[in-house]
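Notes follow the structure.
For ligands, and for the atoms within them, numbers begin at 1 and follow the listed sequence.
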Amino acid sequence: MNLSTSRAAITSAYRLARAAYAERGVDTDAAIKRALAVPISLHCWQADDVRGLETPQDGLVGCGTLATGSYPGRARNGDEMRADLDLVLKLLPGEQRLNLHAFYAETGKKAVDRDALTPAHFSRWLDWAQDRRVGLDFNPTYFAHELANSGFTLASADKNVREFWIEHGRVSRRIAQHFSKKLGSPSVINHWIPDGTKDQPADRWAPRARLTESLDAILADTKVSRAHCVDAVEGKLFGIGSEDYVVGSHEFYAAYAQSRSVVPCLDLGHYHPTESVADKVSALLQFHPRLLLHTSRPIRWDSDHVVILDDAVRALFTEIARGGAFNRVFVALDFFDASINRIAAYVVGARATRQAILLGLLDPTKLLKAAEAGGRGHERLALMEQAKAMPWGAVWDMLCVRGGTPPAATWLTAVANYETKVLSQRG
Ligand code: RNT
Ligand code: ZN
């Protein structure tokens, strides 16, 4: 298999593409520059199938998410995760961040429960991030714990359970603030709470009231500054075991975020299959200053497949580009596939996300809006269709060259070598 793409071929294809886009009023050089500058937060949890680094507890029930597959090479500890992420970073153009979950704390031989975590338990991640010059984002882990087995955490009717998770939320924000201060870049902390019920609850009210109160208690910590710790809240339609009722639904969080000045998080897998997440962007951004986006790929359900350049992802970033809103969104990945090489999963998903960003920036918005304003709906439709046939692949290859990474699919060679040398040696 010869995957090489010569620099001369990329340059001449790019010249033709640049001219074709220029005719439509699109500056490809500016689009490449902007697309490279949008930070994408890489989720650490694809590397180990969302297992975390705590000593496994017996009898844990699921958390509404599920990584399926048994492809060899799963990272088994923090060092292996960081080694894998090092290769991933080399294969990705543009600015990247790392998104950690609290259960990736490294506590040595000592077991430290979630309510007692401190920045020191993440010092190895922080050193790594400092060295690689990547910002760190954070997530409290309100699942995979015996105190989450009932299906309720922050919305639990049991005060002790609630207090444990409130404390977890509070220590997590201190950790995020520490990352921000050390790295000089605000840390986005995303609160996703799995609470809900399999079947119809008699009381949909009380858990929502309790979740509101618990989140308020977490956010009330005056030692944490919003300038360092950017809180986001992620709603969901359903999960495994919470098919009928999720306490933190989309409406709950859209309203909560609005009233508490925190950021709503939209995950592409968390809505009815025919609902357009792209359409929500211009609605929410009328009222919210910022949005957090989890790019994912739901197949028939919230399956968290690896992101590809599908219509949902393209539409999402085209909407953001048309609204000039890249400085108002945080972009993060959220998928986990244990059935394929996990390094390739990262690279495919992160590249597809940045391709969608680039495609959004290459959209001939001015021409489309002019056709629309002139009442020429047929022209708008024809131009939208024509945009799909534009030579954007040549622009993408140039973006890879300018980003100092392998173009096209040439990165597969590095993945194959790493699989032979490193991944295949893991038990
Ligand atoms: C779950 C949410 C959440 C998680 C991660 C692991 O449905 O999407 O973002 O995937 O926190
Ligand atoms: Zn998510």
Side-chain angles (χ1 to χ4, degrees), residues 40-54 60-68 75 81 97-105 114 136-145 148 151 153-154 165 168-169 172 175-176 187-196 230-243 245-250 252-254 257 262-273 277 280 291-307 312-313 316 329-338 342 345-346 349-350 353:
I40 294 181
S41 196
L42 299 173
H43 55 319
C44 74
W45 50 93
Q46 164 65 71
D48 78 325
D49 312 337
V50 214
R51 292 193 190 208
L53 300 178
E54 293 169 341
L60 291 186
V61 298
C63 59
T65 61
L66 185 65
T68 53
M81 291 177 77
R97 300 172 62 83
L98 179 69
N99 202 3
L100 283 174
H101 238 287
F103 74 165
Y104 291 91
R114 305 256 178 98
L136 286 179
D137 297 315
F138 201 63
N139 302 256
T141 312
Y142 300 106
F143 55 83
H145 189 281
T153 61
L154 289 176
W165 290 112
H168 178 54
S172 293
I175 292 162
S187 186
V188 178
I189 175 167
N190 180 49
H191 302 263
W192 171 65
I193 290 101
D195 297 22
V230 180
D231 292 279
V233 284
E234 180 180 10
K236 184 162 172 165
L237 178 63
F238 80 96
I240 303 170
S242 61
E243 287 84 354
Y245 171 62
V246 173
V247 183
S249 59
H250 175 72
F252 175 89
Y253 282 128
V262 298
V263 177
C265 169
L266 307 185
D267 182 308
L268 283 173
H270 288 194
Y271 297 89
H272 290 280
V277 177
K280 299 178 192 301
L291 291 179
L292 169 60
L293 304 169
H294 273 188
T295 63
S296 191
R297 178 163 53 112
I299 297 204
R300 310 194 194 287
W301 69 292
D302 181 29
S303 60
D304 295 286
H305 276 66
V306 175
V307 168
V313 179
L316 178 62
V329 297
F330 301 102
V331 181
L333 309 178
D334 189 10
F335 53 79
F336 25 94
D337 188 338
R342 294 165 184 82
Y346 271 120
T353 300

Can you give me the closest heavy-atom contact between Val50 and Phe336, atom names plus distance?
CG2-CG, 3.5 Å

So the atoms of ligand 1 within less than 4.0 Å of a heavy atom of Lys236 turn out to be 1 (C), 7 (O)

Using a strict cut-off of 2.8 Å, how many protein N/O/S atoms surround the Zn ion (ligand 2)?
4

Out of all atoms in ligand 1, which are within 4.0 Å of some heavy atom of His294? Include the element for each.
9 (O)

Under the 3.5 angstrom rule, does the side chain of Arg97 hit a backbone N or O of Ala332 as a donor-acceptor pair?
no

Below 4.0 Å from ligand 1: does a non-hydrogen atom of His43 turn up there or not?
no

Heteroatom distance test (Asp304, ligand 1): nitrogen or oxygen, under 3.5 angstrom
no

To the closest 0.5 Å, what do you measure between CD (Glu234) and CG (Asp334)?
6.0 Å

Can you sort out which atoms of ligand 1 are near Asp302, meaning under 4.0 Å from one of its heavy atoms?
7 (O)

Pair Tyr142, Arg114 - check side-chain contact (heavy atoms from CB on, under 4.5 Å), show working.
CA-CA 9 Å; Tyr142 300 106; Arg114 305 256 178 98; over 6 Å; no

Regarding ligand 1, does Asn190 bring an N or O atom to under 3.5 Å of one of the ligand's N or O atoms?
no

What heavy-atom pair brings His191 and Pro140 nearest, and what distance separates the two atoms?
ND1-CG, 3.6 Å

Angle between ring planes, Trp301 versus Phe238, binned at 30° and 60°: parallel, tilted or perpendicular?
tilted

Proximal atoms of ligand 1 relative to His101 (non-hydrogen, under 4.0 Å):
5 (C), 6 (C), 11 (O)

Hey, does His270 come in under 3.5 Å of ligand 1, counting only N/O atoms on both sides?
yes

Kindly compute the distance separating NE2 (His294) from CG (Asn190), expressed to the nearest 0.5 Å.
4.5 Å

In terms of relative ring orientation, are His101 and Tyr104 parallel, tilted or perpendicular, with 30° and 60° separating the classes?
tilted

If you measure from CG on Asp137 to NE2 on His43, what distance do you get to the nearest 0.5 Å?
13.0 Å

Backbone N or O of Arg51 within a donor-acceptor pair of the Asp49 side chain at under 3.5 Å?
no

